[in-house]
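Throughout, protein chains are lettered first and strands after them, A, B, ... in sequence-line order, and every chain is numbered starting at 1. It should be emphasised that the depicted structure is a prediction, and the values quoted were computed from it without experimental measurement.
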There are 2 protein chains.
Amino acid sequence: MTEVLRLLTRAQKLLRAAADEAMSRHGVRVGQNLVLEVLWETDGLTPGELAARLQVTTPTVVNTATRMEAAGLLVRRRDPADGRLVRLHLTPKARAAEQPIAEARRLLAEHATATLTDEERRHLHSALQKIIERMTESTPPTGPGDDAD
Amino acid sequence: MTEVLRLLTRAQKLLRAAADEAMSRHGVRVGQNLVLEVLWETDGLTPGELAARLQVTTPTVVNTATRMEAAGLLVRRRDPADGRLVRLHLTPKARAAEQPIAEARRLLAEHATATLTDEERRHLHSALQKIIERMTESTPPTGPGDDAD
DNA sequence: TCCAAATCGATAGCAAGCTAACGATAAGGC
DNA sequence: GCCTTATCGTTAGCTTGCTATCGATTTGGA
């Protein structure tokens, strides 16, 4: 029963490592790739907006943005209308990386699921969605022995 | 096509967060739980052996072991026969946590997959195994545009 | 109008993963 | 029998997550 959790962890770890290696070949780390994906579509978002879309906390985005700024992938601009806001804008360098990185991601996904039939892919997709729905919509059980030491 | 990867990442993240919360209630963090699982079965392993079983690097185990030592969950003992080796031994405190933590893990797995039928669970299991096999036994594609900046 | 409350990004510090480099100990070859 | 080499664990430093807290700015109420 708990075996499925282990497999899920292992698969995700292998995929993340492969993605990081592939992205690194284009000068982008795996976490930064997620930020890029959103900003390619909608440039000039704030860290908070980005965090909400990525389902990650704001500090995570702030730190990633700092590294990406150092790498020349984006710039921070203060919002002229609201001084609390910071807007993240991609540089030409980041835009140039869009096609190759998107392609790398597509190739990885294809490779990882190459031994699955279309039906197996659909089954996997729906099973994962059910788990996600379950975990987001109901609180996991507490269990009887709550001894926090 | 790349959607499956996103779902897999999201599901794993939700499960890991839920596991961390559940384990923390018993004074153990999610990473430490993995070390415990192995040592409950086979006490006195070296960091290297443990890393191999967990499919993690040795420094990861060393750092986790240091935190667990500080938390009073294990002790380091130099191997008398080979001075290079360090053996990790669980404390009574760690042994006392075995039942409740194993139960918490079982409950979490049950909860997460509660909305799946047995057949869906089998499908999920085999699909994940196929992906893992694929990722471990063949090198992912490089892609045409290898511009490392 | 001015001050309290809310909002937002940044910082500090932790967990858990990684690679690279270092130091100590064992083992083997000459 | 010594000295090179291999094998360990550890440390340093990175990425990517998290929570908690701080500082600055805006907003709203009195």
Q: With heavy atoms under 4.0 Å as the rule, sort A/Thr46 into base, sugar-phosphate or nothing.
A: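 Here A/Thr46 touches the backbone only, sparing every base.
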Q: Is a salt bridge present between B/Glu119 and B/Arg122, judged by a nitrogen-to-oxygen distance below 4.0 Å?
A: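 No, B/Glu119 and B/Arg122 are not salt-bridged.
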Q: Expressed in angstrom and rounded to an integer, what is the separation of A/Glu21 atom CD from D/dT16 atom P?
A: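 These atoms are roughly 15 Å apart.
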Q: Please determine if a side-chain N or O atom of A/Gln55 lies less than 4.0 Å away from the OP1 or OP2 oxygen of D/dG17.
A: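 The answer is no; no side-chain N or O of A/Gln55 sits under 4.0 Å from OP1 or OP2.
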Q: What's B/Thr66 touching, base or sugar-phosphate or nothing? Going by heavy atoms closer than 4.0 Å.
A: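 Contact class for B/Thr66: none.
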Q: Using a heavy-atom cut-off of under 4.0 Å over every strand shown, decide if A/Val61 touches base, sugar-phosphate, or nothing.
A: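 If one applies the 4.0 Å heavy-atom cut-off, A/Val61 turns out to touch nothing in the nucleic acid.
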Q: Check the distance between C/dA15's C1' and B/Met23's CE and give it to me in whole angstrom.
A: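 My rounded result for the distance is 15 Å.
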Q: Could you work out which one of D/dT19, D/dT10, C/dG9 sits closest to the side chain of A/Pro59?
A: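 Looking only at heavy atoms from C-beta outward on A/Pro59, the closest nucleotide is D/dT19.
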Q: Considering all heavy atoms of both residues, which atom of B/Asn33 and which atom of B/Val28 are nearest to each other, and what is their separation?
A: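 So the minimum-distance heavy-atom pair works out to N-CG1, 3.7 Å.
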Q: May I ask you to verify if any side-chain N or O of B/Thr60 is less than 4.0 angstrom from the OP1 or OP2 atom of C/dA16?
A: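 Result: no.
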Q: Counting heavy atoms from C-beta on, name the nucleotide in C/dT19, C/dG9, D/dC18 closest to the side chain of A/Val62.
A: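 Shortest atom-to-atom distance from the side chain points to C/dG9.
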Q: Check for a donor-acceptor pair, side chain of B/Arg78 on one end and backbone N or O of B/Gly83 on the other, with a separation under 3.5 Å.
A: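 Yes, because the side chain of B/Arg78 sits within donor-acceptor range (under 3.5 Å) of the backbone of B/Gly83.
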Q: For C/dC18, does either OP1 or OP2 sit under 4.0 Å from a side-chain N or O belonging to A/Arg16?
A: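 No, outside the criterion.
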Q: Using whole Å, report how far CE of A/Met68 lies from P of D/dC14.
A: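 It works out to 19 Å between those atoms.
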Q: Salt bridge check, B/Arg25 against B/Glu21: does any charged N sit closer than 4.0 Å to a carboxylate O?
A: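 Between B/Arg25 and B/Glu21 there is a salt bridge, with a charged N closer than 4.0 Å to a carboxylate O.
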Q: What is the distance from CG of B/Leu74 to C1' of D/dG9, rounded to the nearest Å?
A: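 That distance rounds to 15 Å.
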Q: If only side-chain N and O atoms of A/Thr57 are considered, is one of them under 4.0 Å from the OP1 or OP2 phosphate oxygen of D/dC18?
A: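 Yes, within the criterion.
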Q: Looking for any heavy atom pair under 4.0 Å, which part of the strands does A/Arg67 touch: base, sugar-phosphate only, or nothing?
A: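 It contacts base atoms.
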Q: Rounding to an integer number of Å, can you tell me how far A/Leu85 CG sits from C/dG9 C1'?
A: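 A/Leu85 atom CG is separated from C/dG9 atom C1' by 9 Å.
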Q: If you compare every side-chain N and O of A/Lys13 against the phosphate oxygens of C/dC18 (OP1, OP2), does one of them come in below 4.0 Å?
A: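 So the side chain of A/Lys13 is within the cut-off, an N or O lying under 4.0 Å from OP1 or OP2 of C/dC18.
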Q: Nearest to the side chain of B/Asn63 - D/dT15, D/dT11, D/dG17?
A: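 Closest of the options to the side chain of B/Asn63: D/dT11.
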Q: Can you tell me how far C1' of C/dC8 sits from CZ of A/Arg77, to the nearest Å?
A: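 In whole Å, C/dC8 C1' and A/Arg77 CZ are 19 Å from each other.
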Q: Rounded to the Å, how far apart are B/Leu45 CG and D/dC8 C1'?
A: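 Computing the B/Leu45:CG to D/dC8:C1' distance gives 15 Å.
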Q: Do A/Thr113 and B/Arg134 meet the criterion of a side-chain donor-acceptor pair at a distance under 3.5 Å?
A: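 No pair is found: no donor N or O on one side chain lies under 3.5 Å from an acceptor on the other.
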Q: Counting just side-chain N and O atoms, does B/Arg84 come under 4.0 Å of either OP1 or OP2 of C/dG23?
A: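 For B/Arg84, the contact criterion (side-chain N or O under 4.0 Å from OP1 or OP2 of C/dG23) is not met.
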Q: Hey, is B/Arg6 close enough to A/Glu37 for a salt bridge, meaning N to O under 4.0 Å?
A: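 Yes.
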Q: Does A/Val86 reach a base, just sugar-phosphate, or nothing at all? Heavy atoms under 4.0 Å.
A: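 Answer is sugar-phosphate: A/Val86 comes under 4.0 Å of backbone atoms only.
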Q: Just checking A/Arg87: base, sugar-phosphate only, or nothing, at a heavy-atom cut-off of under 4.0 Å?
A: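 No contact at all - A/Arg87 keeps every heavy atom at 4.0 Å or more from the nucleic acid.
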Q: Specify the separation, in whole Å, of atom CG of B/Asp79 and atom P of D/dT7.
A: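 So the CG-P distance, B/Asp79 to D/dT7, works out to 17 Å.
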Q: Given that B/Leu34 and A/Asp82 both sit by DNA chain C, which one's nearest nucleotide is further toward the 5' end?
A: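 It is A/Asp82 whose nearest nucleotide is closer to the 5' end.
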